[in-house]
Amino acid sequence: MGSMCRVLLILSAIALQACGGSDAARQGDSSGPIEWKPPSFCNEKECPRYKELHDGDGFELRTYEAAEWAMTTVGKEHEPIAALFAGIGNLVSYFAGANEANQTIEGTVPFVQAFHLPFHEHGGHHHRKHGRDGDPPHHRRHRQHDYVFALYIPRDLQGKAPKPSNGTNVRLVKTSEYSVAVRSFNGFPKPWKVLRELRSLWRALEDSESDIRFHREVFFLASYSPPQQLRHRHTEVVVPVDLQRTEDVFSYI
């Protein structure tokens with residue numbers, strides 16, 4: 001099945017989230033807790049805290065604070081639809097009480113899916129001097145990495161979330177502080193739109209006067225809007241950038 005179909009299936013999973021400016025980039029002091037006012041697109045749900053470093057020129061730069069996430073991995077041997085339901089089911093079960101404390105955990109946003117790109121298609125690390133090769137693949141016969149899904153652990157449970165029950169295939173992962181470039185878009189995240197926005201994000205970074213170094217090995221799709229929300233939906237394509245300890249992100253996926 002082609003990558004377009006896989007993206008469509010992943011986007012269907014995101015819809016099931018029942019458990020739930022300047023002209024140049026500015027590097028801020030990221031030490032200490034981040035002062036935080038949740039953005040409106042979190043829809044009054046908890047979401048991971050970040051510091052905005054730049055908003056303009058077709059992208060945002062954010063530094064996310066260290067945090068704990070519930071993460072599940074579904075083997076690459078699964079068909080996309082089977083992986084989709086398995087991943088969603090694993091996370092929903094954990095939040096619904098499949099943990100050592102039998103505790104129901106308040107739902108959070110965003111629902112995150114990681115996508116890997118083969119090296120010959122992404123071209124490795126890039127900044128604007130490398131040109132505009134490495135567009136995301138339109139047709140890829142085999143998925144080369146496992147499926148990875150994640151949900152943020154609520155702040156009051158950070159560092160003390162109950163361990164997942166045996167058999168849930170969920171693990172708790174602590175990420176270090178890391179930085180990303182983000183491009184947000186409205187409407188339902190149809191496959192062609194996701195690919196369009198990812199290309200636009202890459203090209204905006206390549207054209208940035210700050211000469212931002214970023215990664216093409218992986219990108220993330222983050223969905224904040226509930227399935228019943230038909231208008232003003234908020235979805236993001238996200239790529240890691242080299243501002244802080246971004247490399248640490250790759251060890252978890």
Side-chain angles (χ1 to χ4, degrees), residues 21-71 108-116 122 124-128 148-159 161 172-185 197-198 200-224 234-253:
S22 68
D23 292 332
R26 301 186 306 274
Q27 178 75 47
D29 179 8
S30 58
S31 61
I34 292 176
E35 294 184 8
W36 179 245
K37 180 179 179 181
S40 60
F41 56 76
C42 289
N43 295 311
E44 299 184 348
K45 287 183 173 288
E46 279 207 59
C47 50
R49 298 188 177 197
Y50 63 86
K51 178 180 291 185
E52 185 181 276
L53 306 178
H54 172 78
D55 185 7
D57 309 312
F59 65 94
E60 290 180 64
L61 286 181
R62 301 174 183 170
T63 291
Y64 280 87
E65 68 178 13
E68 190 169 34
W69 293 72
M71 190 172 292
T108 62
V109 292
F111 186 94
V112 177
Q113 161 77 31
F115 291 87
H116 291 265
H122 64 66
H125 298 254
H126 279 257
H127 52 68
R128 66 185 175 95
V148 181
F149 305 84
L151 279 172
Y152 175 69
I153 296 294
R155 190 167 180 81
D156 63 353
L157 290 177
Q158 288 283 314
L172 299 178
V173 171
K174 294 181 179 178
T175 59
S176 303
E177 182 183 87
Y178 62 94
S179 296
V180 294
V182 178
R183 185 175 176 89
S184 305
F185 58 96
E197 297 299 328
L198 180 61
S200 295
L201 176 57
W202 283 351
R203 291 167 182 166
L205 291 170
E206 288 166 354
D207 292 340
S208 170
E209 294 182 359
S210 298
D211 200 22
I212 299 166
R213 186 172 174 84
F214 63 98
H215 297 262
R216 293 183 191 253
E217 296 93 322
V218 65
F219 77 93
F220 303 93
L221 189 63
S223 180
Y224 289 81
H234 187 90
T235 307
E236 298 175 346
V237 288
V238 181
V239 298
V241 298
D242 285 336
L243 297 182
Q244 272 86 30
R245 301 177 60 184
T246 305
E247 294 288 349
D248 291 349
V249 177
F250 293 96
S251 65
Y252 305 116
I253 60 175

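For the numbers below, each heavy atom of this structure counts, side chains included, while hydrogens, waters and symmetry mates do not.
Summarising the geometry, atom CZ belonging to Phe111 is positioned 12.5 Å from atom OG1 belonging to Thr235; distances are rounded to the nearest 0.5 Å. The CZ atom of Phe219 lies 10.5 Å from the CG atom of Leu201; values are rounded to the nearest 0.5 Å. Phe220 CZ to Gln113 CD: the interatomic distance, rounded to the nearest 0.5 Å, is 10.0 Å.
Checked by atom type and distance alone, the side chain of Thr175 pairs as donor or acceptor with a backbone atom of Ala67 at under 3.5 Å. Using modelled atom types, no side-chain atom of His234 and backbone atom of Glu236 make a donor-acceptor pair closer than 3.5 Å. Looking only at distances, no side-chain donor or acceptor of Glu217 sits under 3.5 Å from a matching main-chain atom of His116. In terms of modelled atom types and a separation under 3.5 Å, the side chain of Glu68 and the main chain of Gln158 share no donor-acceptor contact. Distance alone, capped at 3.5 Å, places no donor-acceptor pair between the Asp57 side chain and the Ser208 backbone.
The side-chain heavy atoms of Leu198 and Val239, taken from C-beta on, include a pair separated by under 4.5 Å. Residues Val237 and Leu221 form a side-chain contact, since some pair of their non-hydrogen atoms from C-beta on lies under 4.5 Å apart.
Not counting sequence neighbours, the partners of Pro39 by the side chain to side chain contact (heavy atoms under 4.5 Å, CB included) test are Trp36, Phe41, Cys42, Cys47, Tyr50. Scanning for salt bridge (Lys or Arg N to Asp or Glu O under 4.0 Å) contacts around Glu197 gives Arg183, with sequence neighbours left out. Partners of Ala204 by side chain to side chain contact (heavy atoms under 4.5 Å, CB included), not counting sequence neighbours, listed by chain and number: Phe59. For Glu60, the side-chain hydrogen bond (donor to acceptor under 3.5 Å, both in side chains) partners at least two apart in sequence or on another chain are Arg62.
The two residues Leu172 and Ala161 have their closest heavy-atom pair at CD1-O, 3.8 Å. Scanning all heavy atoms of the two residues, the minimum distance from Arg155 to Glu65 falls at NH1-OE2, 2.6 Å. The shortest heavy-atom contact between Thr108 and Pro154 is CG2-CG, 3.8 Å. In plain terms, the two heavy atoms of Pro48 and Val109 that are nearest each other are CD-O, 3.4 Å.
Between Tyr178 and Tyr64, the ring planes are parallel. Angles under 30° get that label, and only those over 60° would be called perpendicular.
Between Phe214 and the choices Val241, Val180, Asp242, the side chain to side chain contact (heavy atoms under 4.5 Å, CB included) rule is met once, by Val241.
Between Glu177 and Lys51 there is no salt bridge, since none of the side-chain N atoms of the basic residue sits less than 4.0 Å from a carboxylate O of the acidic one.
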